[in-house]
Amino acid sequence: MAALTKKTALRIYETMIRIRRFEVRAIELFQAGELPGFLHACIGQEAVAAGVCAHLGDADQITSTHRGHGHMVAKGLKYEGMFAELYARSTGYCKGKGGSMHIADQDLGVLGANGIVGGGIPIAAGAALGIQLQGRKDVVVSFFGDGASNEGAFHEGINIAALWRLPVVFVCENNGFAESTPRSNHQTVRDIADRAKAYGIPGVAVDGMDPAAVFEVAGEAITRARKGQGPSLIEARTMRFLGHYVGDPGTAYGHDREVVKWKKRDPIPAFGKFLEKRKWIGPKKEDELRDRIERELDKAIDFARKSPEPGPQDAMTDIYASI
Amino acid sequence: MAALTKKTALRIYETMIRIRRFEVRAIELFQAGELPGFLHACIGQEAVAAGVCAHLGDADQITSTHRGHGHMVAKGLKYEGMFAELYARSTGYCKGKGGSMHIADQDLGVLGANGIVGGGIPIAAGAALGIQLQGRKDVVVSFFGDGASNEGAFHEGINIAALWRLPVVFVCENNGFAESTPRSNHQTVRDIADRAKAYGIPGVAVDGMDPAAVFEVAGEAITRARKGQGPSLIEARTMRFLGHYVGDPGTAYGHDREVVKWKKRDPIPAFGKFLEKRKWIGPKKEDELRDRIERELDKAIDFARKSPEPGPQDAMTDIYASI
Amino acid sequence: MREILYRDAIIEALDEEMRRDESVFLLGEDIAEFGGSYKTTVGLFEKYGKERVRNTPISEQGIVGATLGAALMGMRPVAELMYIDFTGVAMDQIVNQVAKVRYMFGGKAKTALVLRTQGGAGRSSAAQHAQSLEAWFVHVPGLKVVMPSTAHDAKGLLKSAVRDDDPVMFIEHKLLYLEKGPVPEEDYTIPLGVAEVKREGRDITIVATSSMVGKSLAAADELEAEGISCEVVDPRTLFPLDRETILNSVKKTGRCLITHEAVQRCGWGAEIAATLAREAFDYLDAPIERVCGMETPVPFAPKLESHVIPDKDDVIAGVRAVISGL
Amino acid sequence: MREILYRDAIIEALDEEMRRDESVFLLGEDIAEFGGSYKTTVGLFEKYGKERVRNTPISEQGIVGATLGAALMGMRPVAELMYIDFTGVAMDQIVNQVAKVRYMFGGKAKTALVLRTQGGAGRSSAAQHAQSLEAWFVHVPGLKVVMPSTAHDAKGLLKSAVRDDDPVMFIEHKLLYLEKGPVPEEDYTIPLGVAEVKREGRDITIVATSSMVGKSLAAADELEAEGISCEVVDPRTLFPLDRETILNSVKKTGRCLITHEAVQRCGWGAEIAATLAREAFDYLDAPIERVCGMETPVPFAPKLESHVIPDKDDVIAGVRAVISGL
Ligand SMILES: Cc1ncc(C[n+]2csc(CCOP(=O)(O)OP(=O)(O)O)c2C)c(N)n1
Ligand SMILES: Cc1ncc(C[n+]2csc(CCOP(=O)(O)OP(=O)(O)O)c2C)c(N)n1
Ligand SMILES: [Mg+2]
Ligand SMILES: [Mg+2]
């Protein structure tokens, strides 16, 4: 596998910070009552989205979940459109019709967050089928959680992908919880990667708090997929640092206590140290980076706030292409 | 494991013949235009039903499939009620409302054939849950095909059973075809038993043409289940000697050619020879047995033919318990 | 009478039925220690333990199958499907198995089970978390369908549903959970299949379900001031349906408006309108109006959402239209 | 004009569209070498190969998901779901994904796809293989729903469905496959959303779908002899619906009977009855009658099955009832 170059490492680091800061700001806005609906934040899990998506171009595709902001940011969606969507504005990626759980942009290869657990998995297989039929070299990555691996859609989607050797990589972000419910309450197998055996495809577990490790494992799987060697299942072991949704104290089943341990492995400071050690980044560059991101966030939030809201005339459009 | 006693061996042999002859007679009647709807015959697969159900009592439960006659006979359902059901008569197990694909009898632990591929699997888990909650020692066996192992219901049902250590045994009758479609067209894994790994339960493949082997493997799994040690997955490798349904020539994908090979391993003559060798059966006893079964069949068919048909007054009953 | 939350009425009903009958147990996602995502099972895990209040994997086909299988063994399971939108992943088990086994098996099947779920819009949850899909289930013979609009009805109907020997889809509403209403301390049940006239009136009958009942009562209050007297009928159970009560009301008032949150096209209101238009043909002084969800997926933006979901003002406008002859 | 089988009309439509447009491909269970369980894809595998005529595993969620995903990439997949009853296992993908992505994504989604399936009773296939579930799909904004009643319509509508940029549920009928009808040799399409008056008449409008169209025409023939002149309207597309044509017919005849195989309760006919009762209120000389499937799972016994599914005589009885004032 290609080693992690300085350039890629910095990009991954930046992506992780971009995700983290997006989530932090969104949470603040949500708690201030500015955002409707509800939010599922991925703080703590940034290394997975960043490490995987570092391999993807615009023509590659992803499907995501209810906890999808990180995947979107990593895949290149702009803060403006994302915040505008959270603010339910016409300038949002979905014109305010989708919200946090349905952000999508076909131009940038984002086939949607998804409010249905596991719902994106067969769709990812289908997108990969489309790509295969079109003779393209692009790949699809399907992100989902440990909880999702118990849905029938997981089984059917992966089986089809394996059967047709579709160019898709299934990335399970195993944070050990499905809503409040710990893994022991929802499945017996400890290693979700083992489920790959049911489809005769490679299954690899990786430390989801280590973006370099994720990058490497994802690189192998994506290369396989691009070469026409079929799908893989990656299990990235990670942890969300907050409750299931913003406002959930996350105290059921000792999730909060587990988080204390995991926070010591927060991927952002850890990867920051790794970069510093190699002198790939220093305090000044770090500050610049963070400043730039914060200014972008300010601008995007401002843009969103000032954007027009959809009105009644918009309610009944976009249902059909033509009627 | 308990060895195969003479008594059990003879019972299994009788069961296989009972199934085979039921199917043969049903096919004749169907081809003579006496039976409505359609039939899926299990000829060739008798060893699985017979070997597994030899372990079951009336309070044990099974769920079955569209190809369910064998399971029903093995579980103790009577020819009369079965033929009457195929004839759509009021005396049938379902009063003529269900037909071949829905034969059921809760008194004898038959929770139904099923027209939905995979549909019985989560129900079997549920019955096992009921049994567990009631503190009973009974077990549930869920029969299904190789094709069914690609349905989401398979995944969800087995996962729940594994999680709650439910007293259920999943028996996949792997005949290598789903309708006309050969295994290579529907899944990558060759050994469906491997899918047990996705749930952390035992998975065993067994020669489904050898009733003694099936009996042994099923015995272990059922004992585990009765002891509260949770579910298992058994893959019984077998072959149906006819097409998917009665009338299907079975010529697509060379199924008919494969059958020629498998017929050499027809479980009934093979097991008959095994019994003869041990002097557990001789030509006289064999003839007696076959005569007795044929007389029973004649009687049952006669009973069915003479039974009343349901009338319009029956159409709207049995929908609700009370309304 | 004391007033309690609709969601607490649910808890009380479950609690009382579990105490009364050992064969009643609960299963669903996050219903145990966490108490359910809408807090409708709080305290029951502590009281009845993990055998009878079971967290499940995220596997709705598995949940419904497990429910049916346990019922076949003589248990009385009450499953929670977190959102009615998620019935999509469990439809086969609900419709082809649960609803049909009794009939397919010629009447010999125990199917005393309840599938609790909740629907409706109003929380900016967008298209996959805000549907009202009751019409699907009413269309399926073998199911009973209940939609309580008050804490009182929720408790009494849920207790009946648990005791009923048929499968019941019990559809709560996410916005009603935090509404309070009078609920007696003593044990009571409300039979399935009995509508309630929530308000008497002379000029028009409003048939309303779930969240639309409260909005219709508010509309009736306002219209009263204009001199329009509305009778508000809540069927409570969509199947079996108390046609009698609805029909009698319409025969009395000669006018009818039907309102629900679900999309109008092929919604439950169509069935009621079709039935009334036929059965009360000679009594109707004006066409029957429907005030229903607009024919779109539910949008995320609050302004759009409140636009497509009918509210009190839509009911008022509808009533005025009927009264003035459309 | 030459006469061909309804199922061969399906094959021709698929064949022509696949030839015309490389992005069209087929997927489904047993559709390749075997030609489909109702033989509606015979010969296409040989012609277009295994990439474009794909056998799938028995995984309906997977099939629909794959269809949607491929469509999002710009393909025009046509999936076959073997029986409409099996949509139960795929409902989430159909309803929460396929139907909603365009709206949820703010309009930016390619969803040119067709889900072909077949429904209806008449072959003693019992409760899980004989349903008519079109009302479910009409209730879901985002889907178009087509139900052709003749070979001619099947071909022309399927070609339009394949070319349409929206997801289309294309519902065939198992008993119609072996019916012959005139189909032109030359290329033609029938637009979605246009009803056809299959027979003109004066006294009553019969709105019929799918298999009930033929039965209604036969009924009309018989009733003609009695001096009752029936107009038979076939909407062909249930959504988008050609209200105009139906409404004009009812305004002309002043009477209406609606007939479909699906269970009456919350069936599609309810929507039509509700709509007409409102829009044609002043034109109706009699209540609207519905002649629909009885409210039961479909029984296996042929005698029971034919009892619960409406036939020509039921239509005749219904017409007489309407004419004589119910
Ligand atoms: C089909 C379906 N069932 C249930 C839910 C409710 N739900 C939303 S998120 C969630 C937990 C998902 O767990 P996991 O897949 O592990 O993802 P995580 O939240 O941990 O990222 C559940 C049960 C849903 N949205 N869809
Ligand atoms: C959900 C569903 N999909 C498709 C079918 C149609 N069908 C009936 S039997 C069958 C093949 C089943 O194959 P398998 O499970 O291997 O059982 P076998 O027939 O080989 O015994 C199919 C596809 C169905 N009945 N239900
Ligand atoms: Mg998780
Ligand atoms: Mg098979």
Side-chain angles (χ1 to χ4, degrees), chain A residues 61 63 85 90 92-99 101-107 110-116 118-134 136 138 140 151-153 155-161 163-164 166 168 310 314 316-323, chain D residues 22-23 25 27 50-52 54-77 79 89-90 92-93 95-113 140-144 164-168 192-193 239-241:
Chain A
Q61 310 287 323
T63 66
E85 192 56 37
S90 293
Y93 274 109
C94 313
K95 304 184 187 165
K97 293 179 178 181
M101 271 195 296
H102 305 292
I103 296 180
D105 183 20
Q106 280 212 267
D107 297 336
V110 175
L111 302 180
N114 209 311
I116 301 295
I121 299 173
I123 300 171
L129 170 60
I131 286 171
Q132 189 187 65
L133 285 167
Q134 292 166 348
R136 289 158 51 186
D138 309 316
V140 185
E151 284 281 6
H155 183 63
E156 298 192 15
I158 300 186
N159 186 58
I160 284 186
L163 181 64
W164 294 339
L166 299 176
V168 49
D314 302 311
M316 300 298 290
T317 59
D318 300 320
I319 305 169
Y320 293 96
S322 67
I323 194 119
Chain D
E22 277 219 334
S23 63
F25 73 100
L27 67 171
K50 69 176 195 247
E51 294 295 305
R52 291 182 71 195
R54 308 179 81 90
N55 267 349
T56 64
I58 315 184
S59 305
E60 288 78 5
Q61 284 189 66
I63 294 170
V64 179
T67 303
L68 174 57
L72 288 169
M73 293 301 95
M75 301 298 290
R76 290 185 169 272
V89 280
D92 174 67
Q93 288 290 327
V95 166
N96 288 328
Q97 315 293 342
V98 166
K100 294 184 174 46
V101 286
R102 175 180 300 277
Y103 192 80
M104 292 188 305
F105 298 177
K108 218 157 109 184
K110 299 190 206 99
T111 53
L113 63 90
V140 177
L143 299 177
K144 293 177 176 173
D164 201 275
D165 284 338
D166 289 308
V168 179
L192 306 189
F239 189 86
L241 179 69

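Order of the sequence lines fixes the chain letters, A, B, ..., with proteins taken first and strands second; residue numbering starts at 1 for each chain.
- With a 4.5 angstrom heavy-atom cutoff, A:Glu85 does not touch chain D via any of its atoms.
- Contact annotation for A:Tyr93: only backbone heavy atoms (N, CA, C, O) come within less than 4.5 Å of a heavy atom of chain D.
- Residues D:Asp164 and D:Arg76 are not paired through a salt bridge, judged by the lack of any N-O separation under 4.0 Å between the basic side chain and the carboxylate.
- Under the 3.5 Å distance criterion, the side-chain polar atoms of D:Gln93 are left unmatched by any main-chain donor or acceptor of D:Val98.
- Of the listed residues D:Gln61, D:Lys100, D:Arg52, the one with more heavy-atom pairs under 4.5 angstrom with chain A than any other is D:Gln61.
- Between the A:Gln106 side chain and the D:Lys110 main chain, a donor and an acceptor come within less than 3.5 Å of each other.
- Interface remark: D:Lys144 contributes backbone and side-chain atoms alike to the contact with chain A (heavy atom separation under 4.5 Å).
- The candidate with the highest count of non-hydrogen atom pairs below 4.5 Å against chain A, out of D:Gly142, D:Pro240, D:Gly193, D:Gly62, is D:Gly142.
- Proximity to chain A involves both the backbone and the side chain of D:Thr56, based on heavy atoms less than 4.5 angstrom apart.
- A:Gln132 places a side-chain N or O within 3.5 Å of a backbone atom of A:Trp164 that can act as its donor or acceptor partner.
- By number of non-hydrogen pairs under 4.5 angstrom with chain A, the leading residue of D:Pro77, D:Ala99, D:Gly107 is D:Gly107.
- Annotation: maximal heavy-atom pairing with chain D below 4.5 Å, among A:Leu166, A:Ile103, A:Leu129, occurs at A:Leu129.
- For A:Ile319, the parts lying near chain D are the backbone and the side chain together; criterion is any non-hydrogen pair under 4.5 Å.
- Under the 4.0 Å criterion applied to side-chain N and carboxylate O atoms, A:Lys97 and A:Asp318 are assigned as salt-bridge partners.
- D:Asp166 and D:Arg102 are joined by a salt bridge, as a carboxylate oxygen and a charged side-chain nitrogen come within less than 4.0 angstrom of each other.
- Annotation: side chain of D:Asp165 is not in contact with side chain of A:Ser322 (no heavy-atom distance under 4.5 Å).
- If you measure heavy-atom distances from D:Gln97 to chain A, the contacts under 4.5 Å come from the side chain alone.
- Residues A:Asn159 and A:Glu156 have side chains not in contact (no heavy-atom distance under 4.5 Å, counting atoms from C-beta outward).
- Each of A:Ala153, A:Gly115, A:Ala125 has some count of heavy-atom pairs under 4.5 Å with chain D, and the biggest count is that of A:Ala153.
- For A:Leu133, the part sitting under 4.5 Å from any heavy atom of chain D is the side chain, from C-beta outward, and nothing else.
- When heavy atoms are compared at a cutoff of 4.5 Å, A:Asp138 does not approach chain D at all.
- Under a 3.5 Å cut-off, the side chain of A:Tyr320 and the backbone N or O of D:Leu143 do form a donor-acceptor pair.
- Here the CD atom belonging to D:Glu22 is positioned 8.5 Å from the CE atom belonging to D:Met75, to the nearest 0.5 angstrom.
- Of the listed residues (A:Met101, A:His155, A:Lys95), the greatest number of heavy-atom pairs within a distance under 4.5 Å of chain D belongs to A:Lys95.
- For a residue to count as touching a neighbouring chain, one of its non-hydrogen atoms must lie under 4.5 Å from one of that chain's; by this rule D:Glu60 touches chain A with the backbone only.
- With a threshold of 4.5 angstrom between heavy atoms, A:Thr317 approaches chain D through N, CA, C or O but not through any side-chain atom.
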